[in-house]
Amino acid sequence: MHKTKRPIFLLIIFFLFILLFRSQSHAQYNTLWIPDTLSGTNFNLNIKDTFAQLVIKGNQTITGGINGKFWGPTLFIKKGDVVHMNVKNNLNDSTTLHWHGMHLPAVMDGGPHQVIPPGTLWQPYWKVTNNAATYWYHPHLHEMTMDQITKGIGGLIIVRDSIESALALPRKYGVDDIPLVLTDRDFNTSNQFVAVPYGDSMMVNGTLRPEFSIPAQVVRFRILNAAIERSYNLGFSDNRAFHIITSDGGLLNAPVSVTRYLLHAGERIEILVNCLSQSGTSLDLKAYNSTLSNFVAGGEAFVNGPFANALGKKDFNILHLKIGAITSSPITTVPAMLTINKPLNSADAVITRKLTFSDSAGVKVPVILGPNAFVINHKLFKLKVTDYNIALNNTEIWEITSNSVFGHPFHIHDVEFNILSVKGAAPAAAQSGWKDVVFIPGKTGTTPSVVRFIAKFDDYADASHPFMFHCHISLHEDEGMMGQFLVTSPSGTVNLFPKSDPQINIFPNPAKTKLFVAYDQPNSQVYYARIINALGKTVLMLPKPELEKGIDISGLASGMYTLQITQDETKIMTTKKFIKE
Ligand code: C2O
Ligand code: CU
Ligand code: CU
């Protein structure tokens with residue numbers, strides 16, 4: 001009797017120790033937050049200043065969120081639908097919201113020209129023509145993009161279409177179809193964000209040290225690089241192969257199996273990971289950035305200065321994954337084929353547009369930027385300078401020659417393109433589908449890097465509102481590594497209307513819920529409508545409003561307002577006062 005007590009005592013100590021150890025190893029992870037979802041054709045997005053308990057101990061962090069406390073809802077939209085966005089800016093600053101990767105009219109695009117003042121509702125809409133894939137939305141205010149993205153403003157867009165829907169792919173959001181928004185952030189000692197190009201702390205969906213349970217089957221991850229600057233060389237801790245099924249703008253022809261994939265700022269991939277019969281095991285999604293060259297963002301090991309950070313040129317964990325039980329009706333195989341893409345044909349190109357990247361040595365730039373900023377075509381971006389006029393329906397080759405030692409992820413609005421060549425070679429299989437970001441590697445020795453892609457600029461012409469192209473490293477973009485182009489249609493230059501100012505009638509006046517507008521000239525289209533309150537502040541911005549439906553003014557406070565209407569064909573602006581009851 002006496003002797004048996006000791007082993008029992010030791011056993012108890014042992015179990016206590018195990019418990020303690022378990023709870024400690026548990027404490028190092030936080031459960032990955034999965035953004036809420038919105039679906040349908042009408043979306044209310046309320047951008048606001050808020051705060052969130054991102055760091056477990058201490059102060060909350062001042063953040064920017066859309067509807068919630070950080071980041072925003074994932075929008076599910078269907079190809080073929082017309083979607084309406086009600087974007088309310090409740091920030092204390094102006095902002096814009098850009099639908100990255102969407103093919104839509106420039107005036108709906110949310111670039112730096114579509115500034116939403118604080119308190120204003122912006123209502124763009126468009127017909128979804130993009131392929132099923134993962135896209136995103138984010139602020140694009142000139143010189144403020146890095147600050148506003150750092151606060152956490154943004155969200156994912158998941159497009160569905162009939163081709164993707166017909167495939168046996170994981171599609172249970174947050175269960176076997178998991179969004180991963182990769183960023184890194186710097187926190188100061190009171191847990192507040194510091195807007196810097198490279199953070200010290202990796203975050204996924206705003207969660208620090210995240211962990212997530214996935215089922216023991218084929219799982220899909222939709223991965224967005226939403227970082228300010230860093231590229232992530234993705235891979236799993238057991239070096240397993242994963243299967244890339246999409247590039248930025250749609251499905252690849254077939255899954256591409258890799259063990260590493262370098263994802264640059266702005267880019268998205270969807271991957272399939274086979275976890276069949278692996279219940280009870282765990283693994284990590286990691287960034288193998290120790291192997292990156294010094295000239296890929298995240299491959300530099302700066303110890304001091306503004307670029308110094310804890311993750312530079314290191315391998316680090318992104319997400320801890322625990323494999324749980326298999327779900328009912330699981331996906332258990334990776335499809336062999338996905339779609340048949342019809343890439344654009346070089347023979348159809350009417351022009352090769354040549355762009356250059358370089359550093360700012362010898363270029364007139366503000367002193368604060370010095371010689372090490374980056375420029376496109378030897379100049380900095382200017383809001384009022386149009387770099388290119390592109391005729392509607394042009395198929396064009398864009399050839400970018402980089403004399404920068406550093407690599408830059410280049411992004412263009414309006415179109416999805418096909419990469420033709422990177423330094424003379426055909427693109428890798430995972431990059432041979434539709435893209436809207438392409439990495440332009442730094443020069444090798446004195447040999448510049450040349451990247452060529454082909455795009456077709458169809459559907460939307462607008463002689464007043466441009467589309468942007470830029471480096472997707474927000475710091476570079478804000479510093480001026482950006483340009484813009486107009487897509488113009490020859491018919492758009494013909495003035496179909498007499499010179500006399502168009503007149504508008506508005507009714508009822510006073511109005512309570514809807515305001516109807518009629519031009520005295522039949523068939524006249526409206527380019528833009530704005531409602532301005534008695535203090536001169538824009539409260540409602542309506543690009544190309546569908547006037548037959550009436551303007552919904554039910555959200556306005558009662559008082560006197562001015563309706564300002566710009567005619568589409570002439571761009572003549574007319575104003576009318578009305579009273580909101
Ligand atoms: Cu995602 Cu012009 O940007
Ligand atoms: Cu974009
Ligand atoms: Cu850049």
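Both ligands and their constituent atoms are indexed starting at 1 by order of listing.
Listed by chain and number, H140 NE2, H413 NE2, H470 NE2 are the protein N/O/S atoms closer than 2.8 Å to atom 2 (Cu) of ligand 1, with waters left out. Distances shorter than 2.8 Å separate the Cu ion (ligand 3) from the protein N/O/S atoms H408 ND1, C471 SG, H476 ND1.
Within a 6.0 Å radius of CZ in F51, no more than 12 heavy atoms belonging to other residues, nucleotides or ligands are found.
Scored by the ring-ring contact (aromatic ring centres under 6.0 Å, His included) test, W126 finds W99 as partners (sequence neighbours excluded). The ring-ring contact (aromatic ring centres under 6.0 Å, His included) check on F70 picks up nothing, with sequence neighbours excluded.
With salt bridges taken as basic N to acidic carboxylate O contacts below 4.0 Å, none links D315 and K286. A salt bridge links D177 to R222: one of the charged nitrogens lies within less than 4.0 Å of a carboxylate oxygen.
Inter-residue side-chain proximity for W71 and I66 is flagged as unmet; no heavy-atom pair is nearer than 4.5 Å. Within the 4.5 Å cutoff, no side-chain heavy atoms of R530 are placed close to those of L540. Within the 4.5 Å cutoff, no side-chain heavy atoms of T41 are placed close to those of V82.
Take the Cu ion (ligand 2) as the corner point: the lines to NE2 of H411 and to NE2 of H98 open at 170°, to the nearest 10 degrees.
Counting only distance, with no hydrogens or angles, the side chain of K379 and the backbone of V375 share no donor-acceptor pair below 3.5 Å.
Each of H472, H408, H264 was checked for a ring-ring contact (aromatic ring centres under 6.0 Å, His included) with F439, and the lone residue meeting it is H264.
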